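In what follows, a single structure is set out as C-alpha cells and then discussed.
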Protein chains: 2
Amino acid sequence: MKPKGFVRRTRQREVILEVLRGTKCHPTADWVYQEVRKEMPHVSLGTIYRNLKTLSEHGEIQELAFGATHSRFDANKELHYHFVCEECGLIEDLDMPVVEGLEEKVAERGYEVTSHRLEFYGLCPDCANNNSMGRAN
Amino acid sequence: MKPKGFVRRTRQREVILEVLRGTKCHPTADWVYQEVRKEMPHVSLGTIYRNLKTLSEHGEIQELAFGATHSRFDANKELHYHFVCEECGLIEDLDMPVVEGLEEKVAERGYEVTSHRLEFYGLCPDCANNNSMGRAN
DNA sequence: CTCCAGGTAATAATTATCATGATCAGTTCT
DNA sequence: AGAACTGATCATGATAATTATTACCTGGAG
C-alpha cells in the first residue's frame, strides 16, 4: 500500500501480471510460479513472491487470505466480494453490487476506513447438488 | 464444523477456553500457548493447536485468518464483524449490527450459504491521530 | 480400550541473503 | 539530435533460514 519510489519494468513482472490477468481463478503463489515457468523456465520462486508483494503494495493486484495456509491473488483491482466453497475449495467472484454505506458506518465509530472485505462460505451450486443426493466422496 | 462423536473434558481444554474467553483481543495460537503456560507450564504447543482445531470444529470458538501468516482465534461465537488496523495490527470487534439480507442475495445465485465474514481495513482511532500530526515513528 | 497429552520430527508456505545481471537517467562523443 | 558509455541502483536466481502448523508415537487418564 506504500508506493515506494519507482518500480522498474522487468520481463518477469510483466509475465506474472499477464498470467494473473489471464485467469478467472484466484491462484496461489505456487500456481503462478508453475504458469510463469511455462513461459520462462528459469524464474525463481522467490521472484514470484517478491513481485506479488510489490504488485499488491502498488495496488496492481489484490492479496487475499482465505485459509491461513496460503495467500491467493487477484488481478481484479475493483472492490468485489467472494464466495468460498467449503467442500471443493472453489473461490469465485460474486457479481453482486458493493454494499453502500458500510464503511461510513464504521467511520462513525472513529476509525479511518480505507477498504473492506466480504466473503461468503458454504457450498457452491455443484457441491450442493452432489451432496443432497448420495454422497460425492 | 463436524461434531465428531464425543469431546472428552480435559483440564488443558478448559484452560484454553478460559484464556480465550478472558481476552477481548484475537490471539494467535502462540499467544494462547504463552498464556496457558502461566497456569500449566508443561503444556505442549501441539496440544494447543490440537484443541484450538477441535474447539473450532465443534463451534465453541471461531478461527479467523486475517493475514496469511497465522490464524487468530475468537471465543465469541456470535456472528460479528472486525476492524483491522493496517498500522499497528490491532484487531477489534465492531459493535455494529449484522447486515440483513446479504446471504439471501448470494443464495439467489445458486449457492448454499452457511455464513459470511466482513472485515474493515484502515487506521484505528489512535493511529489515525498519531499520523495526522507529525509521524509516530 | 479409546482418546488425549507431551515431546519431537516433519511439512508447507513464505522470507531473507547474496552475488551476479538487468535497467535506468544522465553524460559524452560524433 | 541521437548513438554509445557509465555508474548507481534495483531485480533476479539459487539457496538457506524462518515461521506456523501438522504428523507421529509412546505412555497415561478417563
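Fair warning: this is a prediction, and the values are worked out from it, not measured in the lab. Numbered from 1 within each chain, the chains take letters A, B, ... in sequence-line order.
Checked against ring pair (Phe, Tyr, Trp, His ring centres under 6.0 Å), B:Tyr81 has the following partners two or more places apart in sequence or in another chain: B:His116.
Residue-level contact check: A:Asp30 touches neither bases nor backbone, having no heavy atom under 4.0 Å from any strand.
A donor-acceptor contact under 3.5 Å is formed by the side chain of A:Ser44 with the base of D:dA14.
Sorted by first and then second residue, the side chain to side chain donor-acceptor pair (under 3.5 Å) pairs involving residues 89-98 of chain B (not counting sequence neighbours) are A:Arg109-B:Asp95, A:Tyr111-B:Glu92, B:His26-B:Asp93, B:His80-B:Asp93, B:His82-B:Asp93. Within the structure, salt bridge (Lys or Arg N to Asp or Glu O under 4.0 Å) contacts touching residues 29-41 of chain B (residues at least two apart or in different chains) are B:Arg11-B:Glu39, B:Glu35-B:Lys38.
A close approach under 4.0 Å does not occur between any side-chain nitrogen or oxygen of A:Gln12 and OP1 or OP2 of C:dA22. For C:dT14, one of the phosphate oxygens OP1 or OP2 lies less than 4.0 angstrom from a side-chain nitrogen or oxygen of A:Ser71.
For the pair B:Ile16 CD1 and C:dA5 P, the interatomic distance rounds to 8 Å; values are reported in whole Å. Atom CG of A:Leu52 and atom P of C:dT14 are 9 Å apart (whole Å). In this structure, B:Gln34 atom CD and D:dA20 atom P are separated by 11 Å, rounded to whole Å. Protein atom NE2 of B:His58 is 12 Å distant from nucleotide atom P of C:dC3, rounded to whole Å. A:Met40 places its CE atom 16 Å from the C1' atom of D:dA14, with the value rounded to the nearest Å. The interatomic distance linking A:Leu64 (CG) with C:dT14 (P) rounds to 12 Å, in whole Å. Per the geometry, NE2 belonging to A:His42 stands 16 Å off C1' belonging to C:dT20, to the nearest Å. One atom, CZ of A:Arg13, and another, P of D:dG13, lie 12 Å apart when rounded to the nearest Å.
The line from CZ of B:Phe83 to CD of A:Glu112 is 8.5 Å long, rounded to the nearest 0.5 Å. With rounding to the nearest 0.5 Å, the separation of CD in A:Glu60 from NZ in A:Lys77 is 5.0 Å. For the atom pair CZ (B:Arg13) and CG (B:Asn51), the distance works out to 4.5 Å, reported to the nearest 0.5 Å. The CD1 atom of B:Ile61 lies 8.5 Å from the CD1 atom of B:Ile16; values are rounded to the nearest 0.5 Å. Taking CG from B:Leu17 and CG from B:Leu55, the interatomic distance works out to 5.0 Å, rounded to the nearest 0.5 Å.
Counting heavy-atom neighbours within 6.0 Å of B:Glu104 CD, excluding the residue itself, gives a total above 12.
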Output a table of nitrogen or oxygen pairs between the protein and nucleotides 23-27 of chain C separated by less than 3.5 Å.
residue	atom	partner	partner atom	Å
C:dT23	O2	A:Arg8	NH1	3.4
C:dT23	O2	A:Arg8	NH2	3.3

Pick out the pairs of N or O atoms, protein on one side and nucleotides 15-17 of chain C on the other, that lie under 3.5 Å.
none

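Using a 4.5 Å cut-off between side-chain heavy atoms of Ile, Leu, Val, Met, Phe, Trp and Tyr, with links allowed through other members, B:Leu90 and B:Met96 fall into different hydrophobic clusters.
In plain terms, the two heavy atoms of B:Ile48 and B:Tyr33 that are nearest each other are CG1-CD1, 3.7 Å.
Judged by distance alone, with hydrogens and angles left aside, the side-chain atoms of B:Glu103 form no donor-acceptor pair with the main-chain N or O of A:Phe120 at under 3.5 Å.
Overall, the helix from C:dC1-D:dG30 to C:dT20-D:dA11 carries an axis bend of 20° between its ends, with five pairs at each end and the value rounded to 10°.
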